[in-house]
2 protein chains.
Amino acid sequence: MILRAGNGSEIAAAMSNRRPYHHGDLRAQLLETVRALIEEKGPDGFSISEASRRAGVSSAAPYKHFRDKPEIMKAVAIAGMERLADRMEAAAQAKPEASLERLSAIGKAYIDFARAEPGIFRVMFGATIHDEDPDVQRAGRRSYGILLDAVGARLGREPTDPDVLMRAYSLWTLVHGHSFLVIDDNMPSEGARPDEDAFLDQVGRQVMDG
Amino acid sequence: MILRAGNGSEIAAAMSNRRPYHHGDLRAQLLETVRALIEEKGPDGFSISEASRRAGVSSAAPYKHFRDKPEIMKAVAIAGMERLADRMEAAAQAKPEASLERLSAIGKAYIDFARAEPGIFRVMFGATIHDEDPDVQRAGRRSYGILLDAVGARLGREPTDPDVLMRAYSLWTLVHGHSFLVIDDNMPSEGARPDEDAFLDQVGRQVMDG
DNA sequence: CCTACAAAGTGAGTGTCGCTTACATATGTA
DNA sequence: TACATATGTAAGCGACACTCACTTTGTAGG
């Protein structure tokens, strides 16, 4: 959470026991509140009104920081994508550079994120709202770049190599598709789904070595 | 669109130039109208009010046929799943039983559906609403069964065989993930995505033969 | 240090929406 | 033909997204 340098007025207000007229950093708190609300009630279940209430401001206040609701969703989605890329990056760097483990660690980080934050994950990918938005696209491409680099390193080729592209994209769709099937578990019934670790392991090998 | 046998009142009303009090088959027309609206404006962009307006009834009429909005979404999702399964089935039966072509035809049918009807595809999978709903799950499992059978036939084993399960699930996640990446194309930029047919072909082989 | 001005808040109001309630009309069956 | 049931309407409630006129606060320049 990004916070501006405090100006002291909040402290003064707290001491005199009333909230300051100016919030301090409403924009950041709104994003965090909306994120939590989406996780609680789903992407469609949250309202700007409720977020305002939780932040302790009037329902008109958010419009000083965001044009409309879709723009809030977009900001939340982009923040999610950054968080996802961070996790992937951390997972990658914890494993040797050209190892298969690095690849599966990246995949696991992706799936873990989807499981931990299914609401935002859906906002990031399942929503119509920000189709073709350049900001969202750029944020998403960062994650893809991490995977491309790892696959390239594993194969000892440039990330732009067509074969690297093909295998990276295969892995991406696998993990992406699996993540979605996990979070709305309306797909294969209990017994009809293979063990997740075995699945990732085997199919990862098939894609990388095949 | 399913229509009940006409009872003649509509015709009589048309001749006397006024609409009949009873609609005829509002439930079916609502589903179709909502389907079209979702495709036009996205899953969140439609309202019961607007669907009612298009159907020429009051905004309270739909509640004689559906409990609430989520139930309409659910019905639309299930109808979509049936349509998807129909397409997959038709595509499968157009190819020899144990052939690889049958598998890729099933996959293509899936992707074609997502591309042709991205709105309902998202309602079917990307929405929080009908999580864990048994009706939706059952409808979804029909599609999965078609794939399981085809993979089983190809490998000459029972659809319940663990290896069949593993490979079928791999193909499913691949195609599912790819479909999502296609419809919100916020992922790999233009040049960074492999050719779709080549991708499906190669990765299909890797999964089936690896 | 004062004074504009910009930034960030408020409160009231508008139109739409989801949904309910009370009531009206059509249909099928005894 | 009468009545139960299915299916429609009209009016209204509370919540929401968003706007507008206004107020409060922080800050930059004379």
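Proteins get letters first, then strands, A, B, ... in listed order; numbering begins at 1 in each.
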What is the distance, to the nearest angstrom, from the [atom1] atom on [X] to the [atom2] atom on [N]?
X: B:Leu37; N: C:dC17; atom1: CG; atom2: C1'; result: 14 Å
X: B:Asp44; N: C:dC17; atom1: CG; atom2: P; result: 14 Å
X: A:Leu26; N: D:dT25; atom1: CG; atom2: P; result: 16 Å
X: B:His65; N: C:dC19; atom1: NE2; atom2: C1'; result: 16 Å
X: A:Lys64; N: D:dC20; atom1: NZ; atom2: P; result: 11 Å

Taking side chain to side chain donor-acceptor pair (under 3.5 Å) as the definition, give me every residue that meets it alongside [X], ordered by chain and number, with sequence neighbours left out.
X: A:Gln202; value: none
X: B:Lys108; value: B:Asp197
X: A:Glu196; value: A:Arg115, A:His178
X: B:Asp68; value: none

Discussion item. How would you summarise protein contacts on nucleotides 14-19 of chain D per nucleotide, using B for base, S for sugar-phosphate only and - for none, with heavy-atom distances below 4.0 Å?
Written reply: --SSBB
Fill in: B:Asp86: partners by side chain to side chain contact (heavy atoms under 4.5 Å, CB included), with sequence neighbours left out
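So B:Asp86 forms a side chain to side chain contact (heavy atoms under 4.5 Å, CB included) with B:Arg142.
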Worksheet item: Which class fits the ring pair A:Tyr110 and A:Phe121: parallel under 30°, tilted 30 to 60°, perpendicular over 60°?
Response: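 Rings of A:Tyr110 and A:Phe121: perpendicular, as their planes differ by over 60°.
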